[in-house]
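Here is the structure we will look at.
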Amino acid sequence: MRILMIHASSFSFRVTEATSVVAAAGDVPDEEKQGSSGDSLVCFLSVEKRDEDAPAKVVAEAREKILAHFGQVKAETLWLYPYAHLSSDLASPRMAQKVLAMMCDAFSRAGGVASLMRAPFGYYKAFDIKAKGHPLSELALTVTGEDASEDADEDPGESKAVA
């Protein structure tokens, strides 16, 4: 999984149109087709083909690294934003949607994030972001699942990370 994290003083998005993979996303309620927040860590996520081999481990490692960075920047809101443009070797749309859902579930169950938001998968979106510009405000990672804890196959929602 490729991750680009930006600590922003403000972030907003709105859906502009469906992509060719919208069928994998299912129906998205109108209220989830736009969103905004103030102080946020925006995580642009790209699920890759190799993530299909061990999705629970990838989710567990990604969650740990994101939570650690979220704690460092002390943001109020965490955004999970599907962003296929970070990779040229994408997972299938169905698997990408599944992994993103696993990510949301893992963050919801792990705690440490007061406000968790997610942009919809399968849509083109316009967005505005105002990056804070400090030394930790931009970070790019590649997560393979190799650094995940041994029990990651069982429950990616159980976190040992400190937020």
Side-chain angles (χ1 to χ4, degrees), residues 1-6 11-37 40-70 75-127 140-161 163:
M1 176 183 293
R2 302 289 173 125
I3 305 169
L4 173 62
M5 293 184 272
I6 299 177
F11 176 73
S12 64
F13 82 93
R14 67 177 170 78
V15 166
T16 57
E17 63 184 275
T19 69
S20 61
V21 301
V22 74
D27 292 331
V28 175
D30 286 342
E31 62 270 13
E32 293 178 18
K33 290 185 178 179
Q34 63 182 2
S36 65
S37 62
S40 303
L41 182 63
V42 183
C43 300
F44 295 95
L45 307 169
S46 186
V47 181
E48 297 184 293
K49 189 78 168 159
R50 66 182 169 186
D51 300 338
E52 295 180 1
D53 295 335
K57 286 186 177 187
V58 171
V59 167
E61 182 182 343
R63 186 202 62 241
E64 287 179 23
K65 290 183 184 263
I66 290 170
L67 278 177
H69 196 63
F70 184 76
E76 294 173 10
T77 301
L78 177 65
W79 278 94
L80 300 180
Y81 191 101
Y83 200 68
H85 311 289
L86 296 176
S87 178
S88 60
D89 191 25
L90 297 172
S92 71
R94 192 169 310 281
M95 180 56 80
Q97 174 66 359
K98 178 181 177 181
V99 170
L100 292 167
M102 289 170 67
M103 289 281 293
C104 282
D105 188 51
F107 279 107
S108 295
R109 290 184 292 139
V113 177
S115 179
L116 176 65
M117 307 291 285
R118 177 181 176 185
F121 176 84
Y123 292 88
Y124 293 113
K125 298 170 285 287
F127 67 86
L141 300 171
T142 299
V143 174
T144 62
E146 293 173 5
D147 293 335
S149 59
E150 291 299 317
D151 58 350
D153 281 328
E154 296 174 14
D155 188 355
E158 297 300 317
S159 175
K160 295 180 179 85

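Below, all heavy atoms of this structure are taken into account, side chains as well, without hydrogens, waters or symmetry copies. These numbers come from a predicted model, not from an experiment.
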Return the minimal non-hydrogen interatomic distance between [X] and [Y], and the atom names on each side.
X      : Y      : result
Pro120 : Glu32  : CD-O, 3.5 Å
Ala84  : Ser46  : O-OG, 3.5 Å
Val47  : Met1   : CG2-CE, 4.2 Å
Ala96  : Phe121 : CB-CE1, 3.8 Å
Arg118 : Ala101 : NH1-CA, 3.7 Å
Leu116 : Cys104 : CD2-O, 3.7 Å

**Message:** Can you classify the ring geometry of Tyr81 versus Tyr83 as parallel (below 30°), tilted (30 to 60°) or perpendicular (above 60°)?
**Reply:** tilted

Quick one: are [X] and [Y] in side-chain contact, heavy atoms under 4.5 Å?
X      : Y     : value
Phe107 : Ile66 : yes
Tyr123 : Pro82 : no
Leu100 : Leu80 : no
Met117 : Ser37 : no

**Asked** Could you walk me through whether Val143 and Lys65 pass the side chain to side chain contact (heavy atoms under 4.5 Å, CB included) check?
**Response** CA-CA 9 Å; Val143 174; Lys65 290 183 184 263; 4.2 Å; yes

How many angstroms lie between atom [atom1] of [X] and atom [atom2] of [Y], to the nearest 0.5 angstrom?
X     : Y      : atom1 : atom2 : result
Asp53 : Met95  : CG    : CE    : 9.0 Å
Ser12 : Lys125 : OG    : NZ    : 13.0 Å
Glu48 : Thr144 : CD    : OG1   : 10.0 Å
His69 : Leu41  : NE2   : CG    : 5.5 Å
Thr16 : Lys33  : OG1   : NZ    : 11.0 Å
His85 : Leu4   : NE2   : CG    : 12.0 Å

**Message:** Within a 6.0 Å radius of atom CG on Asp89, are there more than 12 heavy atoms belonging to other residues, nucleotides or ligands?
**Reply:** yes

**Request:** Start with the C-alpha distance between Val21 and Gln97, add both sets of side-chain angles, then the distance that settles side chain to side chain contact (heavy atoms under 4.5 Å, CB included), and finish with yes or no.
**Result:** CA-CA 10 Å; Val21 301; Gln97 174 66 359; over 6 Å; no

**Prompt:** Hey, is the main chain of Arg14 close enough, under 3.5 Å, to the side chain of Gln34 for a donor-acceptor pair?
**Reply:** no

**Prompt:** How far apart are the C-alpha atoms of Phe44 and Phe127, what are their side-chain angles, what is the distance that settles it, and do they pass the ring pair (Phe, Tyr, Trp, His ring centres under 6.0 Å) test?
**Reply:** CA-CA 12 Å; Phe44 295 95; Phe127 67 86; 5.4 Å; yes

